[in-house]
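Below is one structure, written out as structure tokens; comments come after it.
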Amino acid sequence: MTDKKATLAVDGLDSPIELPMYSGTVGPDVIDVRALTGKGYFTYDPGFVSTASCESKITYIDGGKGMLLHRGYSIEDLAENSDYLETCFLLLHGELPSQDEYEEFVDIIRNHTMVHESIARFFRGFHYDSHPMAMMCGIVGALSAFYHDSLDINNPRHRLISAHRLIAKMPTLAAMCYKHSQGQPFMYPDNKLSYSENFLHMMFGTPCDDPKVSPTLARAMDKIFLLHADHEQNASTSTVRLAGSSGANPFACIASGIATLWGPAHGGANEAVLTMLNEIGDEKNIDKFVARAKDKDDPFRLMGFGHRVYKNFDPRAKVMKETCDEVLGELGLEDDPLLKIAKRLEKIALEDEYFVEKKLYPNVDFYSGIIMKAIGIPTDMFTVIFATGRTVGWIAHWHEMLTDGYRIGRPRQLYTGEAPRKLASRESRPASQKSSF
Ligand code: SDX
């Protein structure tokens with residue numbers, strides 16, 4: 001923190017308001033506006049475009065440079081030289097593990113991958129065609145009914161075992177959602193397999209065969225989990241922090257993050273990108289869709305493009321595109337029609353002045369769906385994969401908030417509703433001027 005100050009001149013006040021300013025390691029300075037309430041003012045920032053909701057040491061994004069750091073390490077470096085579970089350790093503990101620490105962490109996670117047998121009965125209540133994100137919202141929230149031994153959020157040991165359980169069980173639950181939709185038996189985790197191999201085994205294996213997971217697809221899956229691990233104060237992470245600030249248990253907080261991620265403006269975009277590419281159907285239709293995306297009167301947006309923070313390339317999109325080329329090349333799918341449409345669409349958009357002027361670049365969701373489709377994952381499971389990868393980020397922020405000290409999150413508002421008025425008897429009232437809903 002520094003001793004810089006901001007001076008705010010306010011109409012109607014005799015003297016300006018002095019507000020402290022703080023500097024981070026990198027990034028914009030922040031102005032501490034907490035004193036404004038005592039002066040009778042609120043700040044106003046719908047969508048939190050200019051608001052720092054907290055102090056954090058986990059992830060840093062420079063949207064202008066297209067930079068993403070996890071505990072100081074670039075996403076490119078981690079994607080190239082690390083793996084998902086090592087990145088989980090880094091996000092949770094702030095440093096990369098030694099070889100012994102890594103092996104111990106992998107072993108801990110491996111021994112939490114099973115879920116209580118009663119969980120299987122929950123799925124019987126869902127129709128086979130229930131959206132897997134609907135199932136995940138319910139099932140993950142319900143985990144708090146099974147772990148009464150670790151719900152004291154003020155106990156660091158409870159927080160750590162909850163983190164291990166959630167990281168370990170999300171792939172198992174995700175695969176159960178898929179198996180339920182296919183009418184196939186649930187697969188138990190196989191502790192001889194790595195984290196991502198195990199996930200693909202639980203997704204596509206059957207009790208009739210020995211595990212056979214392609215190393216190429218397992219590597220691609222691991223990279224997808226890694227690229228989705230954390231992204232500072234995005235909508236779902238902010239929701240997890242807000243839920244956690246009320247003292248809710250970790251499973252309920254993560255369920256709130258899953259619910260928020262589901263929206264097509266956020267984690268639901270990967271599913272929406274595939275739907276859009278299928279709707280475009282042929283490269284000759286691209287111009288029509290780009291025109292629709294630019295039309296103010298058309299709600300259609302180019303899914304997988306744009307970002308609140310990145311006003312340059314999303315570095316994850318670059319890594320995802322490289323992985324896409326690798327995976328489809330190794331699978332002999334480099335001529336995949338959707339990939340060709342995606343690449344053509346990206347080229348057209350990046351050369352179009354509307355997208356250039358508004359600094360709309362491909363984001364993490366633009367290519368991820370094409371890889372997941374090549375792996376054999378159905379479109380409605382894409383956001384479940386995103387939630388599985390992002391669970392460690394949600395937990396890391398939840399833990400950081402509880403460790404650093406917090407108050408319950410309670411934003412205020414600019415009220416523009418009715419002034420105080422008396423209630424007349426119903427008999428005497430004319431037809432209401434009710435607003436349309
Ligand atoms: C994720 O926050 C995170 O970090 C999220 C995430 C993470 O890892 O957690 O990175 C994951 O959510 C990635 C984003 C996935 N969503 C999409 O791909 C959906 C399509 N994108 C848009 O809906 C939009 O770009 C957002 C939601 C991502 C960002 O919205 P903002 O910051 O509120 O920007 P905006 O809506 O105010 O757009 C600014 C302008 C607008 O035009 P004007 O009103 O200024 O004339 O850009 C236009 C928008 O109409 N615009 C687009 C567009 N995105 C923005 N126009 C066409 N196509 C688009 N995709």
Side-chain angles (χ1 to χ4, degrees), residues 45-53 56 58-64 66-70 75 79 87 91 133 224-241 257-277 280 286 288-320 342 345-346 348-350 352-370 382-383 385-394 396-397:
D45 184 18
F48 307 122
V49 178
S50 307
T51 294
S53 62
S56 180
I58 299 171
T59 289
Y60 174 71
I61 300 170
D62 183 321
M67 180 169 77
L68 169 57
L69 304 178
H70 290 320
I75 192 67
T87 302
L91 289 169
M133 282 298 278
I224 288 173
F225 286 141
L226 190 157
L227 291 170
H228 287 89
D230 188 50
H231 214 235
E232 61 144 82
Q233 309 309 325
N234 59 84
S236 52
T237 300
S238 298
T239 302
V240 170
R241 279 181 174 259
I258 294 172
T260 305
L261 188 74
W262 194 1
H266 191 14
N270 49 24
E271 180 176 352
V273 166
L274 256 287
T275 304
M276 175 186 72
L277 292 176
I280 291 173
I286 289 176
K288 181 174 66 178
F289 279 82
V290 169
R292 282 188 58 196
K294 294 156 58 174
D295 179 355
K296 283 282 149 258
D297 299 325
D298 188 332
F300 173 78
R301 285 196 166 179
L302 221 45
M303 301 318 280
F305 268 80
H307 199 277
R308 171 61 58 77
V309 177
Y310 289 120
K311 300 310 171 192
N312 194 321
F313 250 92
D314 178 336
R316 302 166 298 173
K318 278 185 182 172
V319 178
M320 204 68 89
L345 176 60
E346 177 189 19
I348 292 173
L350 292 180
D352 182 289
E353 65 182 55
Y354 171 94
F355 290 86
V356 172
E357 182 253 324
K358 292 185 185 300
K359 298 184 176 7
L360 302 174
Y361 290 85
N363 58 49
V364 67
D365 293 304
F366 189 61
Y367 282 103
S368 58
I370 297 170
F382 288 1
T383 311
I385 305 296
F386 192 151
T388 302
R390 181 55 56 88
T391 292
V392 65
W394 289 331
H397 283 275

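We count ligands from 1, going down the list as the structure has it; atoms in each ligand are counted the same way.
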- Query: Quick one: salt bridge (charged side-chain N to carboxylate O under 4.0 Å, His left out) partners of D297, sequence neighbours excluded?
  - Reply: none
- Under 3.5 Å, is there a donor-acceptor pair between the T239 and T260 side chains? yes
- Using a threshold of 4.0 angstrom between heavy atoms of the protein and any atom of ligand 1, which residues qualify? H231, N234, P264, A265, H266, A269, A293, K296, R301, L302, M303, G304, F305, G306, H307, R308, R316, Y354, K358, L360, N363, D365, F386, R390
- ring-ring contact (aromatic ring centres under 6.0 Å, His included) with F313: which residues, sequence neighbours excluded? Y361
- Query: Does N270 reach the side chain of I385, with side-chain heavy atoms less than 4.5 Å apart?
  - Reply: no
- Is there a donor in the side chain of R241 and an acceptor in the side chain of H397, or the other way round, less than 3.5 Å apart? yes
- Quick note, salt bridge (charged side-chain N to carboxylate O under 4.0 Å, His left out) partners involving residues 352-366, not counting sequence neighbours, are K294-D352
